[in-house]
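In what follows, every chain begins at residue 1, and chains take the letters A, B, ... in the order their sequences are listed.
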There are 2 protein chains.
Amino acid sequence: MDISKILDYIHQLPEQSKLALQNNVTEIAFAKGHILLKANKVESNIYFIKKGLVRAYVERDNEVTFWFGKEGETIISMKSYVEDQPGYETIELLEDCELYELKTENLRKLFNEDVHIANWGRKFAEKELIKTEERLISKQFKNASERYLELMKDHPELLQRVQLGHIASYLGITQVSLSRIRAELK
Amino acid sequence: MDISKILDYIHQLPEQSKLALQNNVTEIAFAKGHILLKANKVESNIYFIKKGLVRAYVERDNEVTFWFGKEGETIISMKSYVEDQPGYETIELLEDCELYELKTENLRKLFNEDVHIANWGRKFAEKELIKTEERLISKQFKNASERYLELMKDHPELLQRVQLGHIASYLGITQVSLSRIRAELK
DNA sequence: GAAAAAAATTAACAAATGATAAAAAATGAA
DNA sequence: TTCATTTTTTATCATTTGTTAATTTTTTTC
C-alpha cells in the first residue's frame, strides 16, 4: 500500500498537507526477524507499513504480544510519541517488510504548523483508541474461545500469516490452551 | 476542579484558545443514579467532570464496567465523538455530579479553526490511548489478584467511592471472586 | 432505632485455563 | 530428499475463576 493511500486511509487530507507529510517520509526495508524498535528506549521515528507484517510485544516472564500490524498500518511507540518517554513495546518483523519512515520531530513540527495535519493526527489517535477500547471490552466479557472466533472472523488472514504461539499470546492465553480450543471447535 | 484547570490538565493551551473552548461550555448538575448517556444512541455532547464520579458500562448478559471517571476527567461516547455512530457505552452517575457540557458540533468547529485546539484534542486522544493500552496489557499478563493490587495502588480512592460489584466488573472478574481475593490478602 | 433492602462474604462444587512433558507434524537447511 | 529444528497437538494434573446459594454486614428508609 503506497504512502498516499495510507495517509488518506487514516483520515482524508487536503493535497497540500498530504504532500507536506510525504516529503518527510523515506522508504526503508528490513528482513523478517529484525527488531525494529526496542522496549525501554525513546524512539524517534514512526513507520507506516507498505508491505509485510509485524508484532508488538511486552517482555515479562514470557513475551506478551498485544498488537499485529500489517499493510497500511502505523508502527508507533506510543510512550515515545506521546510523552517522549521510553516505550514498553518491542516491535519484531514477522515477514520481510517495506516501510515508510517519518521522524517524530518532523511530524511534531507539522502538527504545529498545519491544522489539517493536526486533525489528521487526532483522528489517528482516536481511531486507535476505539480499537483498543473494543479489544479491552472484548477481553472483559468473552472467554478465550469466543475471542478466538472473533479474531478468525475479523482477521482471518492473521491465522495464515502468524504462528499460533503469537496468536495465543495476543488472545491472552497459552499456546496449549489455544490448541485445545482449536481441537474442540473441529 | 474548574474548567480552566481541566482543559490545561489535558494539555496546556494558549489563553485565547482556552477562552474559545470555555465560551462553549455550560454548567449542569445531575443526581446520583442519573443515566447521562445511553448506549446505542449518537451523543451530541461531551462532558468534563467538575465534581463527582461516574462509570461507563456495556450491557450484555450482565453489565461490564470498563471505565470510571472522576473530577477532572472527560466523559465521551467515543463512537459518537469519533465516528458519529451510536456508542456502545452507558454512563451512570455513581455520585451527585457537577459537569461542564460541550456540544460536539461546536468542538468540531473549533478543531478546524484553531491548530492549538486541534493539537489539544490530539493530545487528549493520545493520552487516553496509552491508558487504555496499558490496561489491556495488564489484563493480558496479570491475574485477578495482581490487577486488584494494581488498582489499589494506582486508584485507592476508587475503593472508597465505588461498590465492589463495579470494581470486580472493571477488573474482569465476578464479585464473588473479588471477595475471595480480598479474603486471601488479609 | 427497627425493619427492609442492598451489598459483601463465605462455602461447595463446576468449568476454564495453566503448567509440564511427551508425541506428532510442519518447516528449514544441508 | 533427509536430518535437525521449530511449531503444534495431545494428555495429565494443578490452579484459578465461575456459579449458585446461603449467611453476614452495611446502608437506607420509615
Checklist outcome for this item: Taken to the nearest whole Å, CD/A:E63 to P/D:dT7 is 11 Å
Checklist entry - Does NZ in A:K51 sit with more than 12 non-hydrogen atoms of other residues, nucleotides or ligands closer than 6.0 Å? => result no
Item to check | Nearest-Å distance for atom pair CG/P, residues B:N62 and D:dT17 | outcome: 17 Å
Checklist entry - Going by distance alone, is a donor N or O of one side chain under 3.5 Å from an acceptor N or O of the other, for B:E150 and B:S138? => result yes
Item to check | side-chain contact (heavy atoms from CB on, under 4.5 Å) assessment of B:Y170 paired with B:F68 | outcome: CA-CA 9 Å; B:Y170 179 85; B:F68 295 109; 3.6 Å; yes
Checklist entry - Does B:T132 use its side chain to pair, donor to acceptor, with the backbone of B:E128 at less than 3.5 Å? => result yes
Checklist entry - Salt bridge or not for A:E95 and A:K32, using N-O below 4.0 Å? => result no
Checklist entry - Between A:E113 and A:K109, is there a salt bridge with N-O shorter than 4.0 Å? => result no
Next on the checklist: Output one letter per nucleotide in nucleotides 5-23 of chain C: B when a protein non-hydrogen atom lies under 4.0 Å from the base, S when only the sugar-phosphate is that close, - when neither is.
Outcome noted: --SBBBBB----BBBB---
Item to check | Pair A:K18 + A:D8, salt bridge at N-O below 4.0 Å | outcome: yes
Checklist entry - Is A:E126 salt-bridged to B:R122, going by a charged N under 4.0 Å from an acidic O? => result no
Below 3.5 Å between N/O atoms, which protein atoms pair up with nucleotides 27-30 of chain C? Just atom names and distances, please.
none

